[in-house]
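Written out below as C-alpha cells is the structure these notes cover.
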Amino acid sequence: MSDKVTLDYNGKKFEFPVIEGTEKEVAIDIKTLRSTTGLTTLDPGYKNTGSCESAITFLDGEKGILRYRGYAIEELAEKADFLEVAYLLIFGELPNKEQLAKFHRDIREESHIDEEMKKILDGFPKSAHPMGVISSLTSALIAFNPSTVDVSSEKDMYHAIVRIMAKFPVLVAWTLRKKKGLPLDYGDDTLGYVENIHKMMFKKPNQTYKKNSVVIEALDKLLILHADHEQNCSTSTVRIVGSSHAGLFASLSAGISALWGPLHGGANQAVLEMLEAIEADGGDTKKYMAKAKDKEDPFRLMGFGHRVYKNFDPRAKIIKKAADEVLSDLGVEDAILDIAKGLEKEALEDEYFVKRKLYPNVDFYSGIIYRALGIPTEMFTVMFALGRLPGWIAQWREMRLRGEPIGRPRQVYIGENLRPFVNVDLR
Ligand code: SDX
C-alpha cells in the first residue's frame, strides 16, 4: 500500500500522506490541502470524510462487523451487562470487580435530581414528545450542576460523567411517568443499574415492584446494542458541540436532538408506526414496498438502509433473535412481528433493495421488543438515547482528551457576487 497520494492540479504535483488505522482502513490526510493547494473538498453528509481518529468503536459496513474497544458486539451482548459496557466504552478497558463496583457506587451517589427540576418538567404539556422533553431537561441539568461545564482534567471529566450516568436515567423515567400521570419515582439504589431504571420507569405507586428477569435481560441487551456506533449523526453532533468546550451536558443535549430525527434514532418509532399502518391496511406490505420505491413518494421503508452497513446490521440480527425469545418468554403474540418478518423477506428479495444493499438496521426490530416490554412508542427513541449515552460520553471524552480543534467545516459558496446596496425607495 503506498504511503502517499499525488494530486496533479494546475500543472503542479502535490503529495499527501496516506494513513492506515489498526483495522487497515486507509485515509488521505488532507490537513495541509488548503494551505498548499488553495483547494478544499466538498462531501455532503461526509459520506467519504473522516472527522477524527478514534479508538472506541470499529465497524465494517461491508462485512457487518461491530466492535466496542475491540470486543465483538455479539460477545458483549451475550456475556456483558450494560454498565460494564458503558465503563468499557468510556475508559477503554473492561472493568474488574472493584472498578465496576466503584463506578456504580459513584453513580448511585449522584442519582438525586434537584427538586426545582420538577418545575421544568411540569411546564411541559402531556402531549410533548419525550425526546424534546429529555433534551431540554438534559440542558437544564447544567444550571444545577455548574461544576460539570468547565472540565479539562480527567478527574473533573469523571465527576461530570458519573453525574450524567446517574441523572439521565432518572430523567428518562420521570419523562415517561409524567406522560402517564404517575408520581415521579427514584427507584431503589440497591438494585442493579438497568433493573433500577426499569423500576423507576414502571413501578406503580400502589403496588410492590416485581422484577421480571426476562424483561431486565432484554432491556440490558438492547441498551448494549445501542451503546455506540462510531461517527453517526448524533455522535458527530456531540463531538462538534463538545469541540467548542460547551460542556458535556450541553453536548449531550444537542446529540439527543440529532438522534430524534426519523432518519436516525427516530426511525425505531417510525418503524412501529409503519408496521401498525401496514397492519391496519390488512397487512398490505406490497403497497408500502411500492411507496418506498416510488421516487415521487417521500416515504422510505423505515428500519431499512444504513449509511455504512451495506450488509446486515449485526445488531439487527441479534435483536431479531431476541424479539422471538422475549415475545415467547413473555407469552406475547404480536402480529406486528410477523408483519415485520414478512416485510423483511420481501425487501431482501426485491431488486430495488438488493441493488441498493438496503438491509434491516438496528431500528427495524427494536421497537417490537420495546413494545413487548410495555414501553410506549413515543419513548422508543428515548430508550435509544439511554443506550447511546455511554457512547456519546466516550466520544466526547476522547475528543477532549486528544485536544481536538473546534469543528468548523468549510463550504463552496454559490451565492451572489459583490453587488451595491440599493435604497429601499429605489427597489
Ligand atoms: C440509525 O449512522 C449510524 O450509525 C446510525 C445508527 C446508529 O447506531 O447511530 O446506525 C442508527 O440511524 C440507523 C438508520 C435508521 N434510519 C432509518 O431506518 C430510516 C430509513 N433509512 C434511510 O432513510 C437511509 O437508509 C439512511 C438515512 C439510513 C441512510 O441514507 P444514505 O446513506 O444517505 O443513503 P441514501 O439516502 O443516499 O440512499 C441511497 C439510495 C437512494 O436511492 P437512489 O437515489 O440511489 O435511487 O437508497 C434509497 C435512496 O432513496 N434508500 C431507501 C431507503 N434507504 C435508502 N429507499 C427506500 N427505503 C429506505 N429505507
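Index from 1, following the sequence. Every number for a ligand or one of its atoms is a count from 1 in the order of the listing.
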Verify whether one side chain among Tyr209 and Asp188 offers a donor that lies under 3.5 Å from an acceptor in the other. no

By salt bridge (Lys or Arg N to Asp or Glu O under 4.0 Å), Lys203 pairs with (sequence neighbours left out) none

Please find out if less than 6.0 Å separates the ring center of Trp174 from that of Tyr186. yes

Which pairs would a plain distance check flag for residues 1-8, meaning a side-chain donor or acceptor within less than 3.5 Å of a matching protein atom at least two apart in sequence or in another chain?
residue : atom : partner : partner atom : Å
Ser2    : OG   : Lys4    : O            : 3.4
Asp8    : OD2  : Lys13   : NZ           : 2.9

The salt bridge (Lys or Arg N to Asp or Glu O under 4.0 Å) partners of Glu109 (sequence neighbours excluded) come to none

Select all protein residues for which some heavy-atom-to-ligand 1 distance is less than 4.0 Å, and list them by chain and number. Lys47, His229, Asn232, Pro262, Leu263, His264, Ala267, Ala292, Lys295, Arg300, Leu301, Met302, Gly303, Phe304, Gly305, His306, Arg307, Arg315, Tyr352, Arg356, Leu358, Asn361, Asp363, Phe384, Arg388

Looking only at side chains, do Gln395 and Thr235 share a donor and an acceptor under 3.5 Å apart? no

